[in-house]
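Quick note on labels: first sequence line is chain A, next is B, and so on, each numbered from 1. Note that the structure is predicted; figures quoted are calculated from it, not measured.
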2 protein chains.
Amino acid sequence: MSRPTKHAPERGNARTRLLEAARDLIRAKGFAGTSVDDLCKAADVTKGAFFHHFASKEALGVAAADFWAETTSAFFEAAPYHGPADPLDRVLAYVAFRKAIIEGEIAEFTCLVGTLAQEVYASAPGIRDACARSMFGHTATLEADIEAARQARGIKADWTAESLARHTQTVIQGAFVLAKAANDPALARESLDHLDRYIRHLFHLTREHAA
Amino acid sequence: MSRPTKHAPERGNARTRLLEAARDLIRAKGFAGTSVDDLCKAADVTKGAFFHHFASKEALGVAAADFWAETTSAFFEAAPYHGPADPLDRVLAYVAFRKAIIEGEIAEFTCLVGTLAQEVYASAPGIRDACARSMFGHTATLEADIEAARQARGIKADWTAESLARHTQTVIQGAFVLAKAANDPALARESLDHLDRYIRHLFHLTREHAA
DNA sequence: CGCAACATACCAAACGGTCGGTATGTGTCA
DNA sequence: TGACACATACCGACCGTTTGGTATGTTGCG
């Protein structure tokens, strides 16, 4: 029983630990508020390792946003809300799922790329664009279900699936801002209830219809 | 024709210039990304003046949030959306007004206290609380019109005026996040259209009803 | 005079980033 | 098989600059 030979020279795990540290520290303290030394300490690596893997702090920011895109898309793909056969039920289940995962520490359920984009949109366009790719890549996955629901139910809409998918993201991002300001996750959940009610309205559903 | 004597020993205008610089720079670069030197340069004052007026950089952050609360509440009080006699019309006019002022440079129409709270909610509770006061002080002004509209129209609601006022703020804050990520104000306006549609639904209004 | 409103010069710490070096593979060809 | 060339991963001392903050004036006005 031989150990598998490592062909591709295993992408160092210092790199991964730094990306995880970036995810956690930036969500709690912001990008500018997190120093390279902070990141190295949290990841338990040296500064040499940091600049071996990333050309600059800004490059780490871009990589962190890409890392976020990868890990969250895997997370949402594996999530239970894809179960229902009816596409509208999947959309409502998505909203319910987003509401359900809002709990515990604020830094643990809020969005890295939303925080990051808000902070550096003007000073670091590379990071901003990586955040946009992550955010709108995610809304695109919801868009398909919304469009399918619209067609299946023959809804004549003066809105597009794309805009409703983006509006859903708007409510989620805004909910995080209010939760942070008030230091209370309940405010975020509250807005997701309004979003749920709005979507049911657009599809002529009663409030009682189960998701 | 004598010059008006200044009685109240005019709260130094270096202080005001610093607060204005803080408002503009923090919206563009974030709080941690804006240095005391940056602020002094933009306000054309020296560091001595800065620390004469503010005990620390964090104290300036609190003062900037308070300054934002004062100036925006004056701005919204003077805004035209208070005109309509019907309270619901005032609410819809508010949403239309918020949409109308989204134009030009992103840093010019986005919200200081939203940005600030998102960045420092965990590391500077004093600033966060000042942001919360500004934000929820503003939503409270909308809440009155929403509640009046609900009573005037005899709406039996499973939501409160308070929560709808906060949801409105949620959509506005989230709209700013998406506009920054995509570098496009149009995305912010788009979500305000969804919000308008939602409010009309809650009050059983047709889409055509004029605001 | 006395005090508020500044200006100037300075400081220690923290910052992002560089650099010479080591340890450990890995591919290749005689 | 072994040895040479080269690559990757990482270390930690060090560098120049910027940081938030302080100490000590100076100025002008009631």
Between [Y] and [X], is there a side-chain heavy-atom distance shorter than 4.5 Å?
X	Y	answer
A:T170	B:V177	no
A:R133	A:V113	no
A:L195	B:Y198	no
A:F31	A:L116	yes
A:H167	B:D193	no
A:W68	A:R27	yes

When the distance from [atom1] of [X] to [atom2] of [N] is rounded to whole Å, what number comes out?
X	N	atom1	atom2	answer
A:R15	D:dC10	CZ	P	11 Å
A:K57	C:dT18	NZ	P	15 Å
A:L18	D:dC11	CG	P	10 Å
A:H52	C:dT18	NE2	P	15 Å
B:D37	C:dC15	CG	P	16 Å
A:D44	D:dG12	CG	P	11 Å
B:F50	C:dC6	CZ	C1'	15 Å
B:F54	D:dG20	CZ	P	14 Å

Side-chain donor-acceptor pair present, A:R90, A:Y94, cut-off under 3.5 Å: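 Per modelled atom types, A:R90 and A:Y94 side chains form no pair under 3.5 Å.
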
Aromatic ring proximity A:W159/A:F203, centre distance under 6.0 Å: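 Under 6.0 Å, so yes.
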
Please tabulate, one pair per line, each protein N/O and nucleotide N/O from nucleotides 20-23 of chain C that are separated by under 3.5 Å, including the distance.
none

Within 45° cone and under 6.0 Å: B:K57 NZ/CZ vs B:F50 ring: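 So B:K57 doesn't make the cation-pi contact.
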
Among D:dC11, D:dG21, D:dA9, the one nearest A:A49 by side-chain distance: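 The listed nucleotide nearest to A:A49's side chain is D:dC11.
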
Selected nucleotide, minimal atom distance to B:T46 side chain, candidates D:dA9, D:dG12, C:dA7: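 Closest of the options to the side chain of B:T46: C:dA7.
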
Nearest-nucleotide 5' precedence on DNA chain C, A:A55 against A:D38: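 Checking each residue's closest nucleotide, the 5'-ward one belongs to A:D38.
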
5' precedence on DNA chain C between A:V36 and B:G48 (nearest-nucleotide basis):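 With A:V36 and B:G48 compared, the 5'-side residue is B:G48.
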
Sub-4.0 Å heavy-atom contacts from residues 22-35 of chain B onto DNA chain D, ordered by number: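 Going residue by residue through residues 22-35 of chain B, the ones with a heavy atom under 4.0 Å of DNA chain D turn out to be B:T34, B:S35.
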
Under-4.0 Å salt bridge between A:D196 and A:K99: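 Looking at A:K99 together with A:D196, the answer is no, because their closest N to O distance does not fall below 4.0 Å.
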
Salt bridge flag under 4.0 Å for residues A:R17 and A:D44: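 No, A:R17 and A:D44 are not salt-bridged.
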
Residue B:E105 excluded, over 12 heavy atoms near CD under 6.0 Å: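 Not more than 12 within 6.0 Å, no.
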
Side-chain donor/acceptor contact of B:K47 with base of D:dG21 under 3.5 Å: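 When only heavy-atom distances are counted, B:K47 does reach the base of D:dG21 through a donor-acceptor pair under 3.5 Å.
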
Degree of bending, the helix from C:dC1-D:dG30 to C:dA30-D:dT1 (end axes from five pairs; round to 10°):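 Between the first-five-pair axis and the last-five-pair axis there is 0°.
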
